[in-house]
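Side chains are part of it too, since the values below use all heavy atoms of this structure and drop only hydrogens, waters and symmetry mates. Here the structure is a predicted model, which is why all the values come from computation and not from measurement. Chain identifiers are assigned alphabetically (A, B, ...) following the order of the sequence lines, protein sequences preceding nucleic acid strands; residue numbering begins at 1 within each chain.
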Amino acid sequence: MGMIRVRFAPSPTGYLHVGGARTALFNWLFARKEGGKFILRIEDTDLERSSRQMSIQILKALRWLGLDWDEGPFFQSKRLKIYTGIAERLLKEGKAYHCYCTKEEIEERKNKAESEGKAWKYDRRCLNLTKQEKERFEKEGRPKAVRFIVPEGRTEFRDLVLKDIRVKNEEIEDFVLIKSDGYPTYHLSVVVDDHLMKISHVIRGADHIANTPKQIMLYKALGWSPPQFAHLPLILGADRKKLSKRHGETSLLSFKKKGYLSLAMFNFLAQLSWSPGEEKEFYEVKELVEKFSLEKVRHSNPVFDFEKLSWLNSKMISSLPVEKIWDELLPFFEKEGIKDEIGRRGEWSKRMISLVKERARNLEDLASIAKRYVRSDFEYRQDAVKKFWKKDSRERILKLKEAFAKTEPFTADETEKALRDLADKMGVKAGELIHPLRVALIGERVSPGIFEVLEILGKEEVLSRIRRAVKNWGQVLH
RNA sequence: GCCCCUGUAGUCUAGCCAGGUGAGGACACCGCCCUUUCAAGGCGGCAGCACGGGUUCAAGUCCCGUCGGGGGCGCCA
């Protein structure tokens with residue numbers, strides 16, 4: 001067997017959504033596993049709907065996911081001559097013909113057939129044109145398309161994911177190869193490019209199953225041998241309909257924006273319809289590559305579970321070392337306006353993040369939590385204030401401040417000792433000090449262990465934050 | 001309507017090809033423990049082979065049918 005070569009071939013008519021990303025991912029995984037090449041091709045032959053902007057977005061999204069390509073991106077819009085040349089050849093060989101029917105004419109005949117309860121298929125009107133009719137159309141300057149002559153018989157192929165698929169050719173109409181605007185259709189360009197680019201395996205969404213026989217006929221007509229096909233189940237929304245904007249944001253980059261780790265996305269997508277077969281939830285990219293196989297791809301359509309993705313994301317954020325998430329975190333610091341402070345405080349910032357990241361659902365969360373540690377001008381959360389800043393707790397916090405002023409070194413252990421001693425002395429439970437203190441330090445009712453928080457903030461900052469809290473006590477209380 | 005694909009808990013899945021351990025794991029949900037809070041973590045619970053026939057000593061696993069879900073039926077890709 002020759003070189004393994006696969007491709008991802010999006011059309012730049014919209015953002016790269018999670019379904020497309022999953023297709024790209026499986027192609028990439030397969031290429032890396034088999035030591036083959038991953039080729040990127042932009043299918044922009046629909047000039048109405050394609051845009052350069054979208055092409056750029058798609059490349060950006062792929063890079064974010066970590067899918068690097070070995071060749072391309074190739075743009076089909078720059079290869080038009082190749083496709084029209086192949087169409088000419090089919091015309092010459094009597095395997096295709098010009099069609100002068102307009103959209104309206106076809107629509108009319110189709111409606112008529114359907115109202116008579118007949119299944120519609122292009123009626124080959126233009127295949128049977130007389131010489132005179134043809135000349136008349138030419139003289140009228142009617143635009144013409146090129147249609148492929150679907151041969152008789154049946155077409156079958158072995159799908160690497162599914163199984164043998166077989167259709168009768170009579171189910172298929174003479175499909176268009178070249179549109180009347182001179183541009184090739186998908187069927188032509190995909191076959192020509194996959195052949196010329198020596199693609200060995202076509203891995204794509206199951207929505208292409210019905211297209212495959214058409215494409216195989218084309219390969220045969222051209223005397224080329226078709227690649228292997230593998231069709232991936234379609235990702236569904238919670239209502240079991242094909243995932244779309246109706247189910248919320250589904251563009252890949254929107255997940256980046258919302259603070260998802262690319263590795264979380266990678267794992268989640270890789271494990272939709274496929275499983276490494278082990279009882280663990282997340283893997284290094286390398287492991288996924290090693291274990292990947294097309295045969296193990298499931299046949300049924302998976303539902304995209306936002307909850308599970310979110311869980312995976314938070315679990316990764318809390319368990320990965322700071323260094324591994326740092327780069328992806330920077331844009332979120334910037335959005336919170338704390339990028340400079342974070343940078344200035346170097347190692348301290350990393351320690352602080354590793355302390356607070358366990359509680360973050362996503363990177364956006366994490367940056368906003370971090371902000372309270374970096375800057376002391378936060379707002380006190382009202383529900384926290386109401387619950388914990390009682391009248392007598394103000395006095396206790398003042399006492400605590402005095403005790404902290406004398407605490408040396410200002411570590412988690414020492415501050416804990418100081419706080420518990422004081423609580424004992426005052427005859428109150430430690431919680432009576434801890435809760436108001438938490439609100440004073442970060443203005444929230446939740447945080448990591450309070451003594452860790454004290455240590456990371458440092459004595460000076462703690463005393464200053466308590467001072468500010470005490471000053472505000474009366475005002476925010478009622 | 002026609003054609004094609006598909007069916008293990010609410011969801012993602014292991015097991016199916018080479019029939020035979022109380023159908024395993026995870027998300028979500030519920031309870032308990034831990035605890036200064038919230039998460040996390042630990043322990044436990046709820047819940048599944050779509051249905052009906054066959055083949056077989058034995059069927060989630062093989063065969064057929066029914067039903068359910070999805071996709072396609074464009075001069076979109």
Side-chain angles (χ1 to χ4, degrees), chain A residues 9-14 43-46 48-50 76 99 101-103 106-107 114 117-122 143-147 159 161-163 165-168 170-173 175-187 189-190 204-213 231 233-234 236 238 240-242 268 271-282 295-296 298-312 314-315 318-319 358-361 384 387-388 416 419-420 423 429-435 437-439 444-451:
Chain A
S11 69
T13 55
E43 309 218 320
D44 55 350
T45 51
D46 181 354
E48 293 284 301
R49 299 191 302 156
S50 297
Q76 290 191 322
C99 175
C101 297
T102 64
K103 227 172 199 164
I106 290 176
E107 192 63 25
E114 278 171 0
K118 287 183 208 147
W120 163 262
K121 190 173 78 171
Y122 178 69
K144 60 188 174 198
V146 176
R147 280 184 190 272
D159 192 286
V161 168
L162 307 168
K163 50 174 189 184
I165 294 171
R166 177 176 315 170
V167 291
K168 298 189 214 73
E170 65 200 42
E171 302 288 345
I172 298 167
E173 69 173 11
F175 52 94
V176 170
L177 261 19
I178 302 283
K179 302 176 232 175
S180 50
D181 63 6
Y183 281 75
T185 61
Y186 167 69
H187 297 300
S189 58
V190 79
R204 66 214 320 190
D207 47 347
H208 285 292
I209 291 176
N211 291 329
T212 308
H231 289 96
L234 263 16
L236 271 27
R240 304 214 132 257
K241 297 275 178 246
K242 198 170 154 183
F268 183 73
Q271 294 180 83
L272 269 186
S273 299
W274 176 70
S275 159
E278 278 175 45
E279 293 187 349
K280 72 176 185 176
E281 286 71 48
F282 63 85
E295 293 80 56
K296 282 174 68 187
R298 280 181 60 87
H299 301 175
S300 58
N301 301 335
V303 171
F304 192 94
D305 186 351
F306 289 85
E307 294 244 40
K308 188 157 186 180
L309 170 60
S310 177
W311 169 82
L312 195 63
S314 62
K315 196 168 169 177
S318 61
S319 59
E358 200 171 310
R359 281 156 185 79
R361 216 51 191 155
K387 180 143 193 208
F388 296 117
E416 174 158 18
L419 184 143
R420 291 199 189 277
K429 282 196 282 186
E432 296 291 324
L433 292 174
I434 288 171
H435 297 298
L437 175 63
R438 174 177 293 112
V439 182
E444 283 269 14
R445 50 196 295 182
V446 305
S447 78
I450 195 72
F451 306 109

For the base of B:rC76, is there a side-chain donor-acceptor partner from A:R49 under 3.5 Å away?
yes
So, under a plain 3.5 Å distance rule, would you say the side chain of A:K308 forms a donor-acceptor pair with the base of B:rC12?
yes
Hey, does the side-chain of A:R298 have a donor or acceptor N/O within less than 3.5 Å of a partner on the base of B:rU6?
no
Under 3.5 Å side-chain donor-acceptor pair for A:S314 and A:R361:
yes
A:K241 near the nucleic acid: base, sugar-phosphate alone, or nothing, with a heavy-atom cut-off under 4.0 Å?
sugar-phosphate
On a whole-Å scale, what distance lies between the P atoms belonging to B:rU55 and B:rC12?
34 Å
A:S300 side chain, from C-beta outward: closest of B:rU6, B:rG71, B:rC12
B:rU6
Who does B:rG1 pair with, Watson-Crick or G-U, both distances under 3.5 Å?
B:rC73
If you check every side-chain atom of A:K315, which of B:rG25, B:rG41, B:rU6 has the closest atom?
B:rG41
Just checking A:R240: base, sugar-phosphate only, or nothing, at a heavy-atom cut-off of under 4.0 Å?
sugar-phosphate
What is the nucleic acid contact for A:L272, judged by heavy atoms within less than 4.0 Å: base, sugar-phosphate only, or nothing?
sugar-phosphate
Quiz item: A:D305 side-chain donor-acceptor pair to B:rA28 base, under 3.5 Å:
no
Between A:F175 and A:Y122 (judged by ring centroids, cut-off 6.0 Å), do the two rings come close enough to count as a pair?
no
Sorted by chain and residue number, the salt bridge (Lys or Arg N to Asp or Glu O under 4.0 Å) partners of A:E173 (sequence neighbours excluded) come out as none
Across every strand shown, the nucleotide meeting Watson-Crick or G-U wobble geometry with B:rA58 (both distances under 3.5 Å) is none
Side chain A:D159, main chain A:I165, donor-acceptor under 3.5 Å
no
For A:E43, report the nucleic acid contact type (base, sugar-phosphate, nothing); a contact means any heavy atom under 4.0 Å.
sugar-phosphate
Scan every strand shown for a Watson-Crick or G-U wobble partner of B:rG65, both distances under 3.5 Å, and answer none if you come up empty.
B:rC51
